[in-house]
Amino acid sequence: MSDLKQALYEAVSRSVPEAKIAVAFSGGVDSSLLAKICQDLAKQVTLVTVGFSGSHDIGFAKGIASKMGIECRTLEIDYRDFQENLRRIMQTINCGNTSHIENCIAYFYICKLAKQNGLDIVLSANGCDELFCGYDGYRRAYSGGEAAIMKLMDEKIANEFTLMAEVATVAGQFGVAVRQPFLSNKFIEFAKAIPVGQKIKGPDDMTRKHILRQAALSIGVPEESATKPKKALQYGSLIHKYFKKARNT
C-alpha cells in the first residue's frame, strides 16, 4: 500500500511541475484521489465539473469538493450549444467510436470551463480504470485467468492513448493542455505489477479497484467518494443521454 501511495504521488509530481492547475472532477474515487494528491503537493487546485442540468456529477462533485475544502467550478451544458459543438467535434476528431466522441465533447466543455477560469492545464485521472480493473469488462475476463485480464488491460490502455490524443486536439482549441499522470510509462509499469487479486476479487465483483480505493481512503479522500461505484463521465454528466437525442433528431 505504501509503495502504491508513493507511486501515485510521484506520478503527479513528475507530470505537474506547475503550481496552478485544474482537475477534471466527478467526485468519484479516481478524480478525488488525484485532487487530494494535488492538494497535498501544495498545488493551487480548482476542480472543474460539467454536465447537463440535473446531472448526477454536478451535484455529487459539489458535495465532495466541499468536504475536501477545494474550490469547484461547474458548467451546465445548454442543449442547443451542445448540438452545435458536437457536430464540430465529430468533424475535428473524425472518429466513429461513440464513447470517444462523448468523452471528447465532455472535455470540450471541461477545457472551456478551465479557460474561463484562467487555467491552462487540466489533469485527468484517466488510467485508473484501465490499470486497476475498474471496467465491468474485467469481470467478464476474470474466468479466463490473469492472462485474459492482462490482455484486456493492454487493450484498454492502448484505447486510452488513442482517446487522449483526440482529447488533446479538442483541448488545443482553447490553448489548454490535458495531462494524465496515471498514464505515464513509469506508473503503468508499476501498476501492472500489482497482483490482479488486489484489484478484482472475482467475476461477481461489482466494486473492483480495491487497492486503489484503500489508498484513497488512507490519504483522506471522503469515504462516499472512495467507495462509490464507477459511473463513466458520459453517463454521470448526462452527455450520453443527450448525445443519443442529438443523433436521433
Side-chain angles (χ1 to χ4, degrees), residues 1-26 28-48 70 99-100 103-104 106-107 110-111 114 119-135 138 149-172 175-196 198-200 208-216 218-219 221 226 230 232-233:
M1 172 70 73
S2 61
D3 287 349
L4 173 57
K5 286 195 285 186
Q6 182 179 345
L8 288 162
Y9 278 84
E10 286 180 355
V12 176
S13 183
R14 283 195 306 269
S15 299
V16 196
E18 296 87 356
K20 189 178 179 183
I21 50 94
V23 172
F25 192 70
S26 68
V29 59
D30 302 341
S31 59
S32 296
L33 176 68
L34 177 56
K36 184 66 170 69
I37 291 170
C38 290
Q39 187 182 42
D40 290 348
L41 291 172
K43 303 294 183 184
Q44 188 179 336
V45 188
T46 302
L47 308 177
V48 288
I70 307 177
S99 175
H100 284 216
N103 273 274
C104 283
Y107 272 94
I110 287 168
C111 293
L119 298 158
D120 297 327
I121 298 165
V122 173
L123 304 188
S124 86
N126 292 62
C128 291
D129 282 318
E130 290 74 16
L131 291 164
F132 293 90
C133 302
Y135 294 113
Y138 284 104
I149 289 174
M150 296 308 290
K151 179 176 182 292
L152 178 59
M153 190 174 294
D154 286 338
E155 291 169 357
K156 291 288 189 184
I157 292 167
N159 176 69
E160 203 63 16
F161 277 115
T162 300
L163 170 60
M164 287 301 108
E166 293 162 350
V167 165
T169 301
V170 172
V176 171
V178 179
R179 297 185 193 162
Q180 306 83 29
F182 305 137
L183 282 173
S184 67
N185 290 334
K186 187 171 183 179
F187 187 76
I188 288 172
E189 183 180 353
F190 173 87
K192 286 178 72 174
I194 296 172
V196 167
Q198 294 183 29
K199 303 173 182 180
I200 182 170
R208 303 181 296 282
K209 296 195 288 192
H210 295 284
I211 190 170
L212 190 72
R213 295 179 188 279
Q214 292 162 15
S218 73
I219 68 168
V221 169
K230 176 175 173 53
L233 171 61

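Heavy-atom basis, side chains included; hydrogens, waters and symmetry copies ignored. Positions are given from 1, in the same order as the sequence printed here.
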Heavy-atom nearest pair, Ala125 first then Leu34, reads N-CD2, 3.7 Å
Would Asp3 and Ile194 count as a side chain to side chain contact (heavy atoms under 4.5 Å, CB included) if you check the C-alpha gap in whole Å, the side-chain angles of each, and the deciding distance to 0.1 Å?
CA-CA 10 Å; Asp3 287 349; Ile194 296 172; over 6 Å; no
Say you draw a straight line from CG of Leu152 to CE of Met150; how long is it, rounded to the nearest 0.5 Å?
10.5 Å
For the student: nearest non-hydrogen atoms of Phe187 and Pro181, plus distance:
CB-O, 4.3 Å
CA sep, side-chain torsions, deciding dist, call: Tyr135, Lys230, side chain to side chain contact (heavy atoms under 4.5 Å, CB included):
CA-CA 8 Å; Tyr135 294 113; Lys230 176 175 173 53; 3.6 Å; yes
Got a donor-acceptor contact below 3.5 angstrom from the Ser218 side chain to the Ala215 backbone?
yes
Please check: side-chain N/O of Lys36 versus main-chain N/O of Ile219, any donor-acceptor pairing under 3.5 Å?
yes
Ser31 (side chain) donor-acceptor with Ser26 (main chain) under 3.5 angstrom:
yes
Check whether any side-chain N or O of Ser13 sits under 3.5 Å from a backbone N or O of Tyr9 as a donor-acceptor pair, and report yes or no.
no
Quick check: closest heavy atoms across Cys38 and Leu123, and the distance to 0.1 Å?
SG-CD1, 3.6 Å
Can you see which heavy atom on Arg14 is nearest to which on Ser184, and at what distance?
NH2-OG, 4.0 Å
From Ile188 CD1 over to Ile157 CD1, what is the distance, rounded to the nearest 0.5 angstrom?
5.0 Å
Verify, without hydrogens or angle tests, whether Lys186 (side chain) and Glu10 (backbone) share a donor-acceptor contact under 3.5 angstrom.
no
Counting only N and O atoms by type, is there a donor-acceptor contact under 3.5 Å from the side chain of Asn159 to the main-chain atoms of Glu155?
no
For Ile121 and Arg179, work out which heavy atoms get closest and say how close.
CD1-NH2, 3.7 Å
Evaluate the side-chain proximity of Cys111 to Val170: yes if any heavy-atom separation is below 4.5 Å, no if none is.
no
Calculate, to the nearest 0.5 Å, the distance between atoms OG and CG belonging to Ser124 and Asp30 respectively.
9.5 Å
Verdict with reasoning, Cys133 to Met153, per side chain to side chain contact (heavy atoms under 4.5 Å, CB included)
CA-CA 8 Å; Cys133 302; Met153 190 174 294; 4.1 Å; yes
Could you measure the distance from the CZ atom of Phe132 to the CD atom of Gln198? Nearest 0.5 Å is fine.
10.0 Å
Test side chain to side chain contact (heavy atoms under 4.5 Å, CB included) on Tyr138 and Lys199 and set out the steps.
CA-CA 10 Å; Tyr138 284 104; Lys199 303 173 182 180; over 6 Å; no
Return the CD to CZ distance between Glu130 and Phe161, rounded to the nearest 0.5 Å.
9.5 Å
Going by an N to O cut-off under 4.0 Å, is there a salt bridge joining Lys192 and Asp154?
yes
Taking every non-hydrogen atom, the tightest pair across Val167 and Cys104
N-SG, 4.0 Å
Would you compute the distance between atom OG1 of Thr46 and atom NZ of Lys20 and round it to the nearest 0.5 angstrom?
7.0 Å
Are the side chain of Arg213 and the backbone N or O of Ala226 linked by a donor-acceptor pair below 3.5 Å?
yes
Answer yes or no: is there an ion pair linking Glu160 with Lys156, defined by an N-O contact shorter than 4.0 Å?
no
Side chains of Phe182 and Val12, heavy atoms from C-beta outward: is any pair under 4.5 Å?
yes
